[in-house]
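Everything numeric in this text was worked out from a predicted model, so none of it was measured.
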Amino acid sequence: MLKKILIFCSILFVSHNVILAQNGNIKPLTIGEIRTIKSKILNEDRTLNIYLPQNFDRAKSYPVIYLLDGSMNEDFIHVTGLIQFFNQMYSMSETIVVGIANVDRKRDFTFHTDLKDLQKDYPTTGHSDKFISFLEKELKPYIENQFKTTDKYLFGQSLGGLLATEILLKKPEMFTHYFIISPSLWWDDESLLKQAGQLLNKIPHTKKFIYISVGKGEHPVMVKDAEDLFDVLKKANKKNWTVEYKMMETDNHATILHRSLYEGLVKLFPYQEPK
């Protein structure tokens, strides 16, 4: 009996050492930082998921992508993978990605509406003005204080595309590059789209890159609105503005974002042979 106990204890000891040895080889996989900033404008804490290039150097300046819907369980992981791929295989320089985690995207990404059905279906909506102010007066200054930056990108899909369009038309100086994917321009009976021409008349010709995309398999209204936005931007004939449009033939609202961002980035950063 004693012999069996000794054998059993020996097995436990060896197993424990094997587990410890294995655990000793485990290290965290880190692709950036998670930060929390206190927003006085929104009166809440906001989580930032920040991707830093592999060879990140605080002495260097980097472009920054501000990613709406940037929570860990939303678009942050797959978009940062796409950016890393373009850094590696295309002519895109190393880039920081700031994923803005959501608290209430319907509240933050939509402007006020008097339409009763929308108020009923989306009771918290209508506060994009505060969120834009947060981006402009708190988030961007914070990031630019923490890192040396160059170009500023904004990526937004669906309601995020609506917000990106609102910023482009009302505060275009906030970003240099706008990626507007499947924008929900149907919001408030297409009121933003109807105002676009008038708003564009007030905007200077400062250099901009604007990429609009929609999936062929999306709702016909969303397809029409994206095409109309492209048309009104082209007709504005802004000097130094590059406006691109892409119909994603095989995509719907659920599948479009990753492939569409790929197509948009290719327009900016052509393929280069590996060194």
Original post:
Under a 4.5 Å cut-off applied to non-hydrogen side-chain atoms, are T113 and W187 in contact?
Top reply: yes
Those residues at least two apart in sequence (or on a different chain) that pass side chain to side chain donor-acceptor pair (under 3.5 Å) with Q198 are none
With ring-ring contact (aromatic ring centres under 6.0 Å, His included) as the criterion, how do Y51 and F76 come out once you've worked through the C-alpha distance, each side chain's angles and the decisive distance to 0.1 Å?
CA-CA 9 Å; Y51 165 78; F76 180 72; 7.4 Å; no
Note to self: Please determine whether a side-chain nitrogen of the Lys or Arg among D231 and K235 lies less than 4.0 Å from a carboxylate oxygen of the Asp or Glu.
What the structure shows: no
* Taking the six-membered ring where the residue is Trp, are the ring centres of Y90 and F269 under 6.0 Å apart? -> no
Honestly curious: do L139 and L67 fall in one hydrophobic cluster under the side-chain, below-4.5 Å linking rule?
no
Taken in chain and number order and not counting sequence neighbours, the residues that satisfy ring pair (Phe, Tyr, Trp, His ring centres under 6.0 Å) with F147 are F56
| message | Does this structure show an ion pair linking K224 with E190, if we count only N-O contacts that are shorter than 4.0 Å? | response | yes
Next on the checklist: Looking at K216 and D251, is any side-chain nitrogen of the basic one under 4.0 Å from a carboxylate oxygen of the acidic one?
Outcome noted: no
Between the side chain of T47 and the main-chain N/O of A101, is any donor-acceptor distance below 3.5 Å?
no
On a heavy-atom basis, the closest approach of L268 and F179 is CD1-CZ, 3.9 Å
Margin query: For the backbone of I83 and the side chain of N87, can you confirm whether one donor and one acceptor N or O come within less than 3.5 Å of each other?
Written below: yes
Q. Is there a donor-acceptor contact under 3.5 Å from the side chain of T176 to the main chain of K152?
A. yes
Rounded to the nearest 0.5 angstrom, the NZ-OG distance for K40 and S133 is 13.0 Å
Subject >> D108/K130 salt bridge by N-O under 4.0 Å criterion >> reply: no
Under 3.5 Å, sequence neighbours excluded: what are the donor-acceptor pairs made by side chains of residues 153-164?
unit_1	atom_1	unit_2	atom_2	d
Q157	NE2	H253	O	3.0
S158	OG	S184	OG	3.4
S158	OG	H253	NE2	2.9

- Identify whether the distance between the nearest side-chain nitrogen and carboxylate oxygen of K170 and E166 falls below 4.0 Å. yes
Could you tabulate the donor-acceptor pairs under 3.5 Å formed by side-chain atoms of residues 207-215, not counting sequence neighbours?
unit_1	atom_1	unit_2	atom_2	d
K208	NZ	P172	O	3.2
K208	NZ	F175	O	3.2
Y211	OH	S260	O	2.8
Y211	OH	S260	OG	3.1
S213	OG	K246	O	3.0
S213	OG	S260	OG	2.8

What I want to find out is whether K202 reaches E173 closely enough, with some N-O distance under 4.0 Å, to be called a salt bridge. no
Does T242 use its side chain to pair, donor to acceptor, with the backbone of N240 at less than 3.5 Å?
-> no
* To do: Kindly assign one of parallel, tilted or perpendicular to the pair Y122 and W186, based on the angle between their ring planes and the thresholds 30° and 60°.
  => tilted
Is any NZ, NE, NH1 or NH2 atom of the basic residue among E138 and R46 found under 4.0 Å from an Asp or Glu carboxylate oxygen of the other? no
Residues passing the ring pair (Phe, Tyr, Trp, His ring centres under 6.0 Å) test with H258, sequence neighbours excluded, are H78
Note: D45 and V103 closest approach over all heavy atoms is O-CG2, 4.4 Å
- Item | Heavy-atom donor-acceptor pair, K238 side chain to L233 backbone, under 3.5 Å | no
dist S128:OG -> F111:CZ (nearest 0.5 Å) comes out at 7.0 Å
By ring pair (Phe, Tyr, Trp, His ring centres under 6.0 Å), H219 pairs with (sequence neighbours left out) none
Residues E136, K171: salt bridge by 4.0 Å N-O rule:
yes
